[in-house]
Peer 1: 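Here's a structure for you.
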Amino acid sequence: MRILTGVKPTGKWMHLGNYLGMYQPFLEKVQWQEGFLFLPDFHSLTSVHDADTLRSNKHRLAAELLALMPNDAPFTIFEQSQMSYINDITWILSSVTPYSLMLRAHSFKDSQNKNSEINMAVFNYPILMAADIIGYDVDMVPVGKDQKQHLEFARDIAGNFNRTYGVEFFKLPEPYVSDTVATIPGTDGRKMSKSYDNFIGIFDDEKTLKKKIMSIVTDDTPLEDPKDPDTCNVYALMKYFTSGQRLEEIAAKYRAGGYGYGHAKLELLDILLEYFWPARERYQKYMDDYSLVQAELDRGNALAEKIHSDKYLELKEIVGL
Ligand code: ADP
Ligand code: TRP
């Protein structure tokens with residue numbers, strides 16, 4: 001079983017919501033499978049138009065993703081733009097993709113509502129994404145809910161191609177959308193999101209991390225009064241990163257009174273630093289010496305390129321090029 005997912009380097013770093021909502025389900029699925037994680041950097045060109053920014057976004061995101069990956073996970077990380085034939089495959093797929101299908105894309109409609117002028121890359125985005133997936137004979141794609149429609153498009157496009165040429169060439173990929181993961185609350189209690197600036201970044205320096213945690217919104221129950229842990233935003237986050245006796249003890253302290261939200265916040269900081277300590281160490285190592293990241297990317301690029309280019313050579317034959 002081959003599993004693949006992509007994280008766009010658009011200057012958005014991994015926060016607790018991304019980690020629990022997207023990355024952990026990917027890791028769970030990848031445990032015993034062949035896992036591919038890639039940086040869709042061509043996709044970033046829909047919005048990032050500065051070379052240094054794109055390079056540094058990619059650099060940091062690759063270091064973050066690698067740092068969060070357990071050492072023994074059998075996975076491959078690679079860069080979309082290093083695949084020789086990704087745009088050739090996209091072009092061929094676009095020739096079997098109805099215009100009317102693309103007009104239905106939520107991502108396109110959203111951009112249309114927000115901007116008066118949209119670039120063509122936004123319009124073609126789902127076809128490139130289909131080439132990312134079906135070009136590697138992927139079985140399963142873990143994605144967030146917002147990407148589910150793109151997966152349906154990839155299946156439609158694969159099916160259109162197979163029907164048009166009378167072949168069983170492209171596999172129809174299955175989306176894996178984890179519905180069991182709750183929406184992780186941000187510092188203001190709304191969904192944690194970069195767009196709301198209420199997120200807690202996994203790799204923020206300790207000072208920033210503390211500041212963010214201290215800004216978590218709580219009610220005004222006085223320090224000495226008993227509190228209900230189940231209605232507290234701080235406790236809601238703790239629950240994901242600690243369990244068992246430690247969590248029970250914290251809940252008991254809430255209920256007993258004399259335990260303020262400031263205490264709880266410092267405890268959350270402690271819990272997060274402990275939980276992410278190995279990843280934060282690895283991240284620093286990768287940021288200090290980028291050649292370590294590059295070595296992983298080179299290895300992954302070579303492996304992914306072999307699969308993708310073999311697929312393309314067969315594809316050329318089928319369409320008569
Ligand atoms: P953001 O809202 O911060 O821009 P993205 O839209 O880039 O985050 O989300 C990337 C992935 O992380 C998606 O798969 C999404 O479902 C998941 N995700 C983001 N925020 C949360 C959250 N607060 N709770 C659960 N999952 C989340
Ligand atoms: N469109 C995805 C996003 O915006 C990123 C992406 C590109 C992707 N190609 C992919 C995700 C292939 C999964 C599989 O988040």
Side-chain angles (χ1 to χ4, degrees), residues 2-27 29-30 35-48 57-58 61 64-65 68 77-81 83 86-87 89-90 93 105-108 110-111 121-122 124-155 157-158 171 173-202 212 233 236-237 239-240 304 308:
R2 185 171 286 161
I3 299 185
L4 168 141
T5 196
V7 188
K8 236 186 338 176
T10 47
K12 295 182 170 182
W13 317 124
M14 296 291 284
H15 58 64
L16 301 180
N18 299 144
Y19 177 74
L20 294 167
M22 179 269 288
Y23 206 58
Q24 241 185 14
F26 172 74
L27 290 178
K29 286 280 158 200
V30 158
F36 287 82
L37 181 62
F38 77 106
L39 305 169
D41 44 0
F42 274 129
H43 276 114
S44 295
L45 293 178
T46 54
S47 59
V48 182
N57 286 350
K58 247 170 77 170
L61 185 61
E64 291 195 353
L65 295 172
L68 285 170
I77 185 167
F78 69 94
E79 295 158 282
Q80 181 187 44
S81 61
M83 301 300 107
I86 181 69
N87 286 307
I89 298 179
T90 303
L93 294 180
H106 302 316
S107 53
F108 171 64
D110 288 351
S111 310
V122 173
N124 292 326
Y125 190 104
I127 313 179
L128 175 59
M129 182 157 162
D132 286 332
I133 297 167
I134 63 180
Y136 302 94
D137 289 332
V138 166
D139 298 286
M140 187 190 275
V141 186
V143 280
K145 288 193 190 89
D146 58 319
Q147 295 296 317
K148 205 170 166 205
Q149 191 197 34
H150 287 152
L151 252 293
E152 281 156 16
F153 283 6
R155 289 171 63 89
I157 293 170
K171 250 188 201 174
E174 289 295 333
Y176 171 67
V177 182
S178 176
D179 287 325
T180 51
V181 176
T183 299
I184 311 305
T187 52
D188 59 0
R190 290 186 293 172
K191 171 189 183 269
M192 184 175 290
S193 171
K194 259 95 51 175
S195 334
Y196 300 145
D197 199 15
N198 64 354
F199 62 93
I200 298 176
I202 297 171
K212 287 266 176 101
N233 290 325
L237 286 173
K239 276 198 299 199
Y240 290 102
H308 215 226

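Whatever order the structure lists them in is the order used to number ligands and atoms, beginning at 1. The structure presented is a predicted model; accordingly, all values stated were derived computationally and were not measured. Residue numbers run from 1 in the order of the sequence given.
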Peer 1: From Ile86 CD1 over to Asp132 CG, what is the distance, rounded to the nearest 0.5 angstrom?
Peer 2: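 Answer for the CD1-CG pair, Ile86 versus Asp132, is 4.5 Å.
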Peer 1: Going by the order shown, which atoms of ligand 2 are within less than 4.0 Å of some heavy atom of His43?
Peer 2: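 So the atoms of ligand 2 that pass are 7 (C), 9 (N).
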Peer 1: For Lys8, take its heavy atoms, then give the atoms of ligand 2 lying under 4.0 Å from any of them.
Peer 2: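 Under 4.0 Å from Lys8, ligand 2 has these atoms: 4 (O).
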Peer 1: For the residue pair Phe36 and Tyr136, categorise the inter-ring angle as parallel (less than 30°), tilted (30 to 60°) or perpendicular (more than 60°).
Peer 2: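 Phe36 and Tyr136: parallel rings.
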Peer 1: Could you see which bit of Leu4 sits under 4.0 Å from ligand 2, with heavy atoms only: side chain, backbone, both or neither?
Peer 2: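 Near ligand 2, Leu4 shows its side chain, while the N, CA, C and O stay back.
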Peer 1: With heavy atoms only and a cut-off of under 4.0 Å, state how Ile133 meets ligand 2: side chain, backbone, both or neither.
Peer 2: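 Looking at Ile133 and ligand 2, just side chain atoms fall under 4.0 Å.
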Peer 1: Taking the side chain as every heavy atom from C-beta outward, state whether Pro173 and Leu151 have any pair of such atoms under 4.5 Å apart.
Peer 2: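 A side-chain contact under 4.5 Å exists here.
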Peer 1: Atom 4 (O) of ligand 2: which protein heavy atom is closest, and how many Å away?
Peer 2: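 Of every protein heavy atom, Tyr125 OH, 2.8 Å lies nearest to atom 4 (O) of ligand 2.
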Peer 1: Distance under 4.0 Å to a non-hydrogen atom of Thr5: what atoms of ligand 2 satisfy this?
Peer 2: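 Those atoms are 13 (C).
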Peer 1: Give the single entry among Leu16, Thr5, Asn18 that approaches atom 9 (O) of ligand 1 most closely by any heavy atom.
Peer 2: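 Of the listed residues, Asn18 has the closest heavy atom.
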Peer 1: Which atoms of ligand 2 are found less than 4.0 Å from any heavy atom of Pro40?
Peer 2: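 Heavy-atom distances to Pro40 below 4.0 Å select 5 (C), 6 (C), 7 (C).
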Peer 1: Short N/O distance, under 3.5 Å, between Ile184 and ligand 1?
Peer 2: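 Min N/O separation from ligand 1 is below 3.5 Å for Ile184.
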Peer 1: If you measure from each non-hydrogen atom of His15 to ligand 1, which part falls under 4.0 Å: side chain, backbone, both or neither?
Peer 2: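 Looking at His15 and ligand 1, just side chain atoms fall under 4.0 Å.
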Peer 1: Which pair of non-hydrogen atoms, one from Ile157 and one from Ile127, has the smallest distance, and what is that distance?
Peer 2: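 Of all heavy-atom pairs spanning Ile157 and Ile127, the closest is CD1-CA, 4.3 Å.
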Peer 1: With heavy atoms of Met192 as the reference, note each atom of ligand 1 found under 4.0 Å away.
Peer 2: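 Near Met192, the atoms of ligand 1 are 20 (N), 21 (C), 22 (C), 23 (N).
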Peer 1: Could you say whether the N/O atoms of Thr183 and ligand 1 ever approach to under 3.5 Å?
Peer 2: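 N/O-N/O distance under 3.5 Å: no.
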Peer 1: Is there a side-chain contact between Glu174 and Arg155 in this structure, where contact means two heavy atoms from C-beta onward sitting under 4.5 Å apart?
Peer 2: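 Sidechains of Arg155 and Glu174: in contact.
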Peer 1: Under 4.0 Å from a heavy atom of Phe38: which atoms of ligand 2 are those, numbered in the order shown and with their elements?
Peer 2: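 Those qualifying, in numeric order: 9 (N), 10 (C), 12 (C).
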Peer 1: With a heavy-atom distance limit of 4.0 Å, tell me whether Gln80 approaches ligand 2 through its side chain, its backbone, both, or neither.
Peer 2: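 It is neither part, as no heavy atom is under 4.0 Å.
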Peer 1: So do the side chains of Ser44 and Thr10 get within less than 4.5 Å of each other, counting heavy atoms only?
Peer 2: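 SC-SC contact between Ser44 and Thr10 confirmed.
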Peer 1: Which protein non-hydrogen atom lies closest to atom 13 (C) of ligand 2, naming both residue and atom, and how far is it?
Peer 2: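 Protein heavy atom at minimum distance: Gly6 N, 3.4 Å.
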Peer 1: For atom 3 (C) of ligand 2, what is the nearest protein heavy atom, given as residue, atom name and distance?
Peer 2: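 The protein heavy atom lying closest is Gln147 NE2, 3.3 Å.
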Peer 1: Which residue supplies the protein heavy atom nearest to atom 9 (N) of ligand 2, what is that atom called, and how far is it?
Peer 2: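 Looking at atom 9 (N) of ligand 2, the protein heavy atom closest to it is Asp132 OD2, 2.7 Å.
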Peer 1: Within the 4.0 Å heavy-atom shell around Val141, which atoms of ligand 2 are there?
Peer 2: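 The list of qualifying atoms is 13 (C), 14 (C).
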Peer 1: Using a 3.5 Å distance criterion without hydrogens, assess whether the side chain of Tyr176 forms a donor-acceptor pair with backbone atoms of Phe26.
Peer 2: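 No, the answer is negative, given that no donor and acceptor are paired below the 3.5 Å cut-off.
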Peer 1: Which atom pair, heavy atoms only, marks the closest approach of Pro142 to Ile3?
Peer 2: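 What the structure gives for the nearest pair is CD-CG2, 3.6 Å.
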Peer 1: Does any N or O atom in Gly17 lie less than 3.5 angstrom from one in ligand 1, N or O only?
Peer 2: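 The answer is yes, given that Gly17 and ligand 1 share an N or O pair closer than 3.5 Å.
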Peer 1: Is there a donor-acceptor pair under 3.5 Å between the side chain of Asp139 and the backbone N or O of Arg2?
Peer 2: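 Confirmed, Asp139 side chain pairs with Arg2 backbone.
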Peer 1: Side chain or backbone, does Asp146 bring an N or O within less than 3.5 Å of an N or O on ligand 1?
Peer 2: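 In fact, backbone or side chain, Asp146 has no N or O that close.
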Peer 1: To which of Met22, Met14, Lys8 does the heavy atom nearest atom 17 (C) of ligand 1 belong?
Peer 2: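 It is Met22 whose heavy atom sits nearest to atom 17 (C) of ligand 1.
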Peer 1: Nearest heavy-atom pair of Lys194 and His15: which atoms, and what distance?
Peer 2: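 Taking Lys194 first and His15 second, the nearest heavy atoms are CD-CD2, 3.4 Å.
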Peer 1: A side-chain contact here means heavy atoms from C-beta on lying under 4.5 Å apart; do Val7 and Leu37 qualify?
Peer 2: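 Yes, close enough: below the 4.5 Å cut-off.
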Peer 1: Would you check if Glu64 and Ile202 make a side-chain contact, meaning some heavy-atom pair closer than 4.5 Å?
Peer 2: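 Counting from C-beta outward, Glu64 and Ile202 never come under 4.5 Å.
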Peer 1: Do Pro40 and Ser81 have side chains that get closer than 4.5 Å, going by heavy atoms?
Peer 2: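 No, side chains not in contact.
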Peer 1: With respect to Ser193, determine whether any N or O atom, backbone or side chain, lies less than 3.5 Å from an N or O atom of ligand 1.
Peer 2: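 Right, the criterion is met.
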